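Taking it in order: structure first as structure tokens, then the write-up.
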Amino acid sequence: MNSVLVRQKFLDFFRDKAHEIVPSAPMVVKNDPTLMFTNAGMNQFKDIFLDNAPVKFARIANSQKCLRVSGKHNDLEEVGHDGYHHTMFEMLGNWSFGDYFKEDAIRWAWEFLTEVVKIDKNKIYVTIFEGDPAEALEQDREAYDFWKSRIAEDRILPGNKKDNFWEMGDSGPCGPCSEIHVDMRSDEERKKKDGRELVNKGDPRVIEIWNLVFIQYNRRASGELELLSKKHVDTGMGFERLCMALQNKTSNYDTDVFQPVIHEIASLTRIPYGNSEKTDIAMRVVADHLRAIAFAIADGQLPSNAKAGYVIRRILRRAVRYNYTFLQQNKPVIYKLLPALIASMGNAFPELALQRNLIERVIFEEEQSFLHTLESGDKRLKDGIELMKKSGQQELNGKIAFELYDTYGFPLDLTELILKENGFTVNKGEFDREMTEQRNRSKSAAQVESADWVMVRPGNEQTEFLGYEHLRAEVKINRYRSVTLKDKKLYHLVLNRTPFYAESGGQVGDVGYMDDGEEKISIVNTIKEHGLVIHVADKLPVDTSAVFEAVVTDGVREATARNHTATHLLHQALREVLGSHVEQKGSLVNPEYLRFDFSHFQKMTAEEIREVEVRVNRRIRNSISSNVLTEIPMEEARKMGAMALFGEKYGDHVRVVQFGDSVELCGGTHVDNTSRIGLFKVVSESSIAAGIRRIEAVTGDKADAWYRDLEDKLGAVEQLLNHPQDMVKAIGGLMEEKSSLQKQVDNFSRESARLFKERLKQQATVSGDITVISALAEEPVNDMAIIKDIAFQLKGEIDNLFLVIGTVVNDKPFLAVALSDKLVQEKKLHAGEIVKTAACEFEGGGGGQPFFANAGGKNPAKLNLAMEKALSMAGS
RNA sequence: GGGGAAUUAGCUCAGUUGGCUAGAGCGAUUGCAUGGCAUGCAAUAGGUCAGGGGUUCGACUCCCCUAUUCUCCA
């Protein structure tokens with residue numbers, strides 16, 4: 001059964017059981033500080049489990065793109081070495097929100113596996129939670145009984161808390177789970193050893209394919225468990241594993257999910273798959289990572305140097321590293337695999353084909369830059385090896401290996417490999433110590449402690465957002481908690497209603513204050529977390545049950561709104577001027593300025609930027625009123641021509657913001673008429689990644705200020721030039737004049753230097769076999785650069801020269817000594833030493849090379865003494 | 001969020017206790033050679049040593065701040 005059909009059958013099956021089929025949420029998580037990527041199917045329903053969002057459908061099923069590369073689930077280093085670990089994978093899941101529970105979940109899982117996709121019942125084992133005395137939890141008897149009626153009791157295995165009790169995090173919803181395992185071994189092997197002994201024992205052929213989680217508890221921050229009133233089902237089945245089982249393969253990579261890409265790698269590298277263990281691992285790594293990166297980029301997460309973007313970059317780099325070391329590819333090649341990936345997954349995920357050009361360019365550029373990193377690390381390591389050869393060391397200092405890794409991004413295993421090729425080893429103990437230290441530093445720096453929510457007005461009513469119309473409102477506190485990070489203590493307040501806009505969609509959160517007549521609490525930021533609008537305050541009100549007046553700082557909000565509306569107009573103008581390939585890739589809107597990142601492949605020309613400005617400003621002057629539609633079904637919004645990003649959440653009713661022909665899905669705050677923006681000015685256009693450009697612009701007062709600043713500068717220049725008729729011409733004339741004067745000055749100083757040099761030559765006295773010259777340099781040759789120049793010239797012209805020149809610049813004495821090479825060698829004289837000793841005379845210091853040195857001091861009156869001192873050292 | 005590092009010619013990079021007249025390769029320009037090209041030979045131009053402060057007689061080099069980039073940890 002091919003993979004496309006498997007996915008389809010799963011969704012069809014649950015559709016028949018009255019489940020709503022929803023699309024995969026984006027792999028990149030927005031608005032959840034605790035998570036960078038979707039790492040399980042349940043992520044997009046977290047708000048429902050936490051009871052922060054209403055249930056729209058009680059039964060849901062889908063296939064969710066997941067990425068496990070950071071945090072609790074981190075499989076990155078395992079990928080490729082076996083047949084079943086992945087960074088990105090699809091999770092098939094069915095959910096019940098307060099609807100069906102253990103019985104139906106178990107019945108349908110069994111029915112799907114044994115009747116729809118027809119897995120042999122005799123190869124299936126299930127596990128149930130065995131209980132945990134420490135938590136006072138009993139064995140999950142219910143699950144056991146429901147299984148008992150379907151499967152032989154000796155195939156129902158008890159599992160411990162680690163395997164069979166699922167928790168979302170340190171706190172939150174949790175509950176026992178029941179796993180379904182399939183024994184994929186051959187008949188003979190199965191006869192030899194009972195499969196039940198291999199369940200959860202790491203045997204790659206006896207694998208868990210489905211986990212049914214029964215959410216019935218909530219864990220409090222204190223660690224206590226409380227029973228939930230509404231129970232939920234959360235299941236997850238690894239799509240790739242299921243395909244492997246159904247296609248009777250020994251590895252996920254042998255299924256039709258990966259084989260097209262692996263074939264392509266084999267043909268590009270001219271190494272057949274199956275050639276050797278090492279090259280096979282590398283090909284699996286590349287195939288897996290390509291998928292993860294391509295989907296991440298399609299979901300809008302570009303590789304970068306921090307946070308989520310950096311995680312993506314690291315995945316790509318791991319692929320490049322394997323490609324480089326084991327497949328001998330030292331040129332970018334991974335980007336060439338995209339067509340193969342699109343051929344196998346493009347149907348289920350159209351975003352891949354639509355963004356192909358961008359994805360290829362980004363991957364190409366990243367490959368190139370990392371290959372460069374590897375090259376320079378390689379060079380650095382080879383330098384270290386040369387040193388070891390000279391000193392006869394056998395083992396590379398672990399600190400050096402760590403430095404290579406930590407600072408230059410050079411992987412340890414590559415260091416070890418190269419050392420081994422040269423007959424050396426590395427001290428891994430030292431390396432690990434450095435690594436542990438690094439970890440501890442980070443941990444102590446990133447400590448955030450959130451206390452339990454204190455419910456002031458229980459009932460979890462949704463916060464009503466009033467901010468589109470109002471900047472102040474009477475509000476009450478629903479709940480609050482304290483948050484401690486490092487030495488700072490802040491308070492999170494959730495209100496029944498609020499005029500404050502929470503940071504979202506690139507627009508920063510509102511600031512302002514809350515006042516109950518007794519005290520004024522300032523709100524320093526507003527953020528969104530798990531569907532809650534959180535007002536961040538620096539102190540807790542004395543009376544949390546009071547009625548407050550909540551007030552948003554309005555000048556700031558108005559400035560932000562101007563920038564947000566201007567962002568929409570900019571987006572529209574860019575598409576008109578550059579073409580419809582322009583897509584939003586990131587946006588920041590704050591009171592100061594706006595920043596807009598978009599896909600485009602060349603630097604914008606000055607004319608294009610100007611044209612964009614003209615178009616935006618024209619629309620501002622046309623005074624276009626806003627037309628905001630709320631609660632519009634997604635389909636309708638698309639019909640209106642709304643520019644939307646991929647992967648809105650399921651069943652979403654969206655808000656559409658329209659200014660004339662500019663139609664966007666947007667939850668942000670806007671001005672009611674474009675004329676309120678006043679003025680728009682692009683202040684910079686730059687590149688932030690391959691195929692992505694960034695525009696920064698200002699509006700309103702800030703744009704005024706920009707032009708005023710320019711005016712001031714021009715005014716100042718004009719004044720300096722005595723108000724010429726044509727400023728450009730005047731400056732051009734000045735520049736020309738300057739360069740001709742400069743030439744004259746150069747000639748003069750060259751001439752005075754030449755004269756000075758001639759004078760010095762005439763002053764030369766011969767003492768023994770040494771030609772001594774000593775002189776004071778005065779205007780216009782009292783310049784150390786000129787003196788140096790003359791000294792080097794004389795050194796070339798006179799044999800056995802001993803030259804001492806003194807001068808005074810800005811009331812400070814200077815001394816230069818030049819010796820011909822012969823004197824240095826034969827008489828063991830050293831200008832640096834001479835100058836150092838002589839400089840003591842005028843309270844200074846100096847140094848230099850044996851043949852030329854200079855010194856400076858503080859007391860110009862003693863310059864003569866210093867020169868004499870220097871001369872006295874001529875020896876002879 | 002924390003640690004480490006980098007920023008030198010158009011590009012890629014050297015510059016080892018603070019003083020080597022800031023260099024190399026590629027590229028650019030010019031001239032010469034060749035019927036033309038690949039190319040070869042020769043010469044020339046090109047630098048606020050990221051920006052700002054400090055220490056010092058003297059800073060590309062040491063210290064502090066800022067910006068940008070890279071990298072590791074979370």
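So you know, we letter chains A, B, ... as the sequences are listed, proteins then strands, and number each from 1. Bear in mind the structure is a predicted one, so any value in this text is a computation, not a measurement. Atom set for the values below is all heavy atoms of this structure, side chains included, hydrogens, waters and symmetry mates excluded.
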ask   = Hey, does the side chain of A:Arg314 come within less than 4.0 Å of B:C73's phosphate (OP1/OP2), counting only N and O?
value = yes
request  = Mind calculating the distance between CD (A:Glu434) and P (B:G2) to the nearest angstrom?
outcome  = 21 Å
query = Do A:Lys428 and A:Asp432 meet the salt-bridge criterion of a basic N to acidic O distance under 4.0 Å?
reply = no
request  = Please measure how far the C1' atom in B:G47 lies from the corresponding atom in B:G23, and state the result in whole Å.
outcome  = 11 Å
ask   = Just checking A:Gly856: base, sugar-phosphate only, or nothing, at a heavy-atom cut-off of under 4.0 Å?
value = base
task = Would you mind pulling out the nucleotide paired to B:C32, Watson-Crick or G-U wobble, both distances under 3.5 Å?
result = B:G40
inquiry  = In this structure, how many angstroms lie between the P atom of B:G58 and the CZ atom of A:Phe814, rounded?
reply    = 7 Å
ask   = Would you say B:C57 has OP1 or OP2 under 4.0 Å from some side-chain N or O of A:Lys858?
value = yes
message = Distance check needed: B:G4 P versus A:Glu437 CD, whole Å only.
response = 11 Å
Got a list of protein N/O to nucleotides 5-11 of chain B N/O distances below 3.5 Å?
none

ask   = Given that both distances must come in under 3.5 Å, which nucleotide forms a Watson-Crick or G-U wobble pair with B:G1?
value = B:C73
Donor-acceptor pair present, A:Asn854 side chain and B:G19 base, under 3.5 Å = yes
message = B:C73, OP1 or OP2 - any side-chain N/O from A:Arg439 closer than 4.0 Å?
response = no
inquiry  = So that I can tick it off, tell me whether A:Glu367 and A:Lys331 are bridged by a salt bridge, with the cut-off set at under 4.0 angstrom between side-chain N and carboxylate O.
reply    = no
task = Could you tell me whether the side chains of A:Asn800 and A:Thr771 share a donor-acceptor contact shorter than 3.5 Å?
result = no
request  = Report yes if a side-chain nitrogen or oxygen of A:His372 is closer than 4.0 Å to either non-bridging phosphate oxygen (OP1 or OP2) of B:C13; otherwise report no.
outcome  = yes
inquiry  = Tell me which nucleotide, if any, is Watson-Crick or G-U wobble paired with B:U55 when both distances must be under 3.5 Å.
reply    = none
key: Who pairs with B:A50 - Watson-Crick or G-U, where each distance is under 3.5 Å   = B:U66
ask   = Using a cut-off of 4.0 Å on non-hydrogen atoms, how would the nucleic acid contact of A:Tyr405 be classed: base, sugar-phosphate, or nothing?
value = sugar-phosphate
inquiry  = Checking base pairs now: Watson-Crick or wobble, both atom distances under 3.5 Å. What partners B:A9?
reply    = none
ask   = Which whole-number value in Å describes the distance from A:Phe792 CZ to B:G19 C1'?
value = 10 Å
inquiry  = Considering every strand and a 4.0 Å limit on heavy-atom distances, what is the contact class for A:Phe851: base, sugar-phosphate, or nothing?
reply    = sugar-phosphate
inquiry  = Run the side chain to side chain contact (heavy atoms under 4.5 Å, CB included) test on A:Ile385 and A:Leu419 for me, step by step, so that the C-alpha distance in whole Å, both residues' side-chain angles and the decisive distance to 0.1 Å come before the verdict.
reply    = CA-CA 8 Å; A:Ile385 288 176; A:Leu419 284 173; 3.9 Å; yes
query = So does A:Glu503 pair up with A:Lys528, basic N to acidic O under 4.0 Å?
reply = no
query = A:Gly845 near the nucleic acid: base, sugar-phosphate alone, or nothing, with a heavy-atom cut-off under 4.0 Å?
reply = base
query = Looking for any heavy atom pair under 4.0 Å, which part of the strands does A:Arg313 touch: base, sugar-phosphate only, or nothing?
reply = sugar-phosphate
query = Does B:G27 have a Watson-Crick or wobble partner in any strand here, with both distances under 3.5 angstrom, and which is it?
reply = none
query = Taking the side chain of A:Lys788 as heavy atoms from C-beta outward, which of B:G2, B:U21, B:G58 is closest to it?
reply = B:U21
request  = Just call it for A:Ala839: base, sugar-phosphate, or nothing, with non-hydrogen atoms closer than 4.0 Å on any strand.
outcome  = nothing
task = Just call it for A:Gln849: base, sugar-phosphate, or nothing, with non-hydrogen atoms closer than 4.0 Å on any strand.
result = sugar-phosphate
request  = Nearest whole angstrom, please: distance from the C1' of B:U21 to the CD of A:Glu797.
outcome  = 15 Å
ask   = Once you round it to whole Å, what is the distance between P of B:C57 and CZ of A:Phe842?
value = 11 Å
